[in-house]
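Read through the structure below, which is laid out as C-alpha cells, and then see the notes.
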Amino acid sequence: MTSMSRARVARRIAAGAAYGGGGIGLVGAAAVGVVLAEVRMARTAVGNGSGGGRVPTADGRYGDDGYGGAGEPPLRLTMLGDSTAAGQGVHRAAQTPGALLASGLAAVAERPVELTNVAMPGAQSDDLDRQVALVLGTGAAVPDVCVIMIGANDVTRRMPPTRSVRHLSAAVRRLRTAGAEVVVGTCPDLGTIEPVRQPLRWLARRASRQLAAAQTIGTVEQGGRTVSLGDLLGPEFAANPRELFGPDNYHPSAEGYATAAMAVLPTVCAALGLWPADEERPDVTRREGFLPVARAAAEAAAEAGTEVTAAMPTGPRGPWALLKRRRRQQVEPLPSDQPSEEARTRAGTTD
C-alpha cells in the first residue's frame, strides 16, 4: 500500500471516529476465516498481550539525588494505556518505560520528575475514559505531560478502528483541555511478534499501521503529539529476538522498552519546551517538513520513531502537521534514578 493510499484510509478512519461512522474494516472479508484461525494460534502462543505476571510499580520521584532543580517543583509525568505503557514483561520498576522516561526527563530538565502510572495491562482504547478520570479526578495537580501507549489490543481483539480512534481522541482532548501536554506512542507493528505467522503477520502489520496513522490524525487534531512505535523493535528483534522481547515473546524486554523510550523521550522534552530551539526547525537532511496531516500520519506509521505535531491550522488539503525524525536519546537509568522508597514499599519490592 502506497503512502497516499495509507493516508486516505487513515483519514477515513479518523473521519468516521469524529462523526460517529461505523467500523471501517482493516482486512477484507475473504480473509476472515484464515485470520481467525491464525489469531487463535497466535493467542495461544502469546497470550494476546494479557499474560500473567505482576507489573512492577514504578510510581514515585526520579532525579532527586542528582538534580536540585533550584527549588522548582518536580515535573509531573503520567503514563496511560495498555501493558506496554504499564511495563509488563520486566521484573524491576526501573526497567519500565515510565521509569525510563522519568529518568531521562529528569536528566534533560535537571529537576526531579514525579511519575504516576495508571496504565492497565490488557486495556483497549475504551479504557482510556476510566484512566483519564483517574488522572483528572483525584484533586491532584494536572500532569505536565501525559504519555499514552495504546492500540495493540484494539487490533488483536478486533475493535472497530473508528471506535478506537474516537476513544483516544476524546482522551487527548480532555487532557489537553485540563492543561497537560500529551504524547501518544501509536499502535506498534504486531507483525514483529515472533509467534505470529503468515498470512496473519502481513495482515497484522497492515492493520497496525492503518490504526497508527488514524491515531496520529485524531491525536494531532486534538493538540497532542505522536511518536510512531511501528516496527521500532523489528530490526533488533530479528537479530536478537531473545533480548528485545520478554519471556512471553509478546511484551518487550528491558532492552526493548529502553529502545522505545529513547524514541519517545525527545518528543516528551519538546512538548515541555526542553529541547534545543535549533532542533525544532525541520531538517531537510532528515526528510522533515510540513505535510497535510493525513500524509504525515501515513509516513510516520511506515517509519518508527517519527514524530507528528500540529502545524498550520489548515491548507488546501486540510490541516497540516510537522513531521520530524528526532535523534534518539539514551535513557538508561542512573543508579540514583529509582522510585521513592514509599513507592517501592507499595509495590512490595526493593528492586
Side-chain angles (χ1 to χ4, degrees), residues 57-64 67-82 84-87 93 96-120 123 125-150 165-186 215-216 218-227 261 264-275 280 307-310 331 337 339-340 342-343 346:
T57 299
D59 289 23
R61 187 170 296 194
Y62 291 74
D64 265 340
Y67 316 109
E72 295 181 274
L75 291 169
R76 297 176 298 275
L77 166 65
T78 297
M79 302 290 296
L80 305 91
D82 55 23
T84 304
T96 63
L100 292 165
L101 286 171
S103 297
L105 180 58
V108 173
E110 296 187 343
R111 59 190 283 196
V113 172
E114 188 73 29
L115 171 66
T116 302
N117 198 324
V118 299
M120 176 67 67
S125 291
D126 55 6
D127 191 56
L128 289 176
D129 181 65
R130 180 191 65 82
Q131 295 182 28
V132 172
L134 286 176
V135 174
L136 301 180
T138 61
V142 174
D144 293 293
V145 61
C146 295
V147 175
I148 304 174
M149 296 180 178
I150 200 81
V165 174
R166 188 179 304 128
H167 284 294
L168 175 61
S169 297
V172 175
R173 181 170 60 251
R174 289 174 63 190
L175 293 169
R176 292 290 293 131
T177 300
E181 297 291 339
V182 180
V183 175
V184 174
T186 56
Q215 287 178 318
T216 296
T219 297
V220 169
E221 289 182 343
Q222 298 302 327
R225 302 179 184 226
T226 64
V227 178
V264 174
L265 178 62
T267 300
V268 170
C269 294
L272 294 172
L274 299 172
W275 218 234
E280 295 308 298
E307 173 191 320
V308 179
T309 187
V331 294
D337 288 334
S340 65
E342 178 185 357
R346 289 200 306 269

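- For Arg76 against Val142, the heavy-atom pair with the smallest separation is NE-O, 2.9 Å.
- With contacts defined as side-chain heavy-atom distances shorter than 4.5 Å, the pair Leu105/Cys269 qualifies.
- Two residues are said to be in side-chain contact when any heavy atoms from C-beta on lie closer than 4.5 Å; Pro73 and Arg111 meet this criterion.
- In terms of heavy-atom proximity, Met79 sits nearest to Ala85 at CE-O, 3.9 Å.
- Of the possible polar contacts, none joining the Gln222 side chain to the Ala170 backbone as a donor-acceptor pair under 3.5 Å is found.
- Leu136 is listed as a side-chain neighbour of Leu175, based on a closest heavy-atom distance under 4.5 Å.
- Inter-residue side-chain proximity for Val145 and Leu75 is flagged as unmet; no heavy-atom pair is nearer than 4.5 Å.
- For Gly218 against Ser169, the heavy-atom pair with the smallest separation is CA-OG, 3.4 Å.
- Here the CD-OG1 distance, from Glu221 to Thr216, works out to 11.0 Å after rounding to the nearest 0.5 Å.
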**Study point:** Pair Ile150-His167, side-chain contact (heavy atoms from CB on, under 4.5 Å): steps then yes or no
**Key:** CA-CA 11 Å; Ile150 200 81; His167 284 294; over 6 Å; no
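- The line from CD1 of Ile148 to OG1 of Thr226 is 11.5 Å long, rounded to the nearest 0.5 Å.
- One distance of note links CG of Asp129 with CG of Leu134; it measures 10.0 Å at 0.5 Å rounding.
- In this structure, Ala123 and Asp127 approach most closely via the heavy-atom pair CB-OD2, 3.8 Å.
- Once rounded to the nearest 0.5 Å, the distance linking CD of Glu307 with OG1 of Thr267 reads 3.5 Å.
- One finds the CG atom of Asn117 at 8.5 Å from the CD atom of Gln131 (value rounded to the nearest 0.5 Å).
- In this structure, the side chains of Val135 and Thr116 stay at 4.5 Å or more apart for every pair of heavy atoms.
- Residues Gly223 and Arg176 share a closest heavy-atom pair of O-NE, 2.9 Å.
- Contact of the Thr186 side chain with the Thr219 side chain is not registered, since no non-hydrogen atoms from C-beta on lie closer than 4.5 Å.
- The minimum heavy-atom distance linking Thr96 with Ala58 is given by the pair OG1-CB, 3.5 Å.
- Side-chain contact between Val183 and Leu101: absent, with no pair of heavy atoms (C-beta onward) separated by less than 4.5 Å.
- For the atom pair CD of Glu114 and CG of Asp59, the computed distance is 8.0 Å after rounding to the nearest 0.5 Å.
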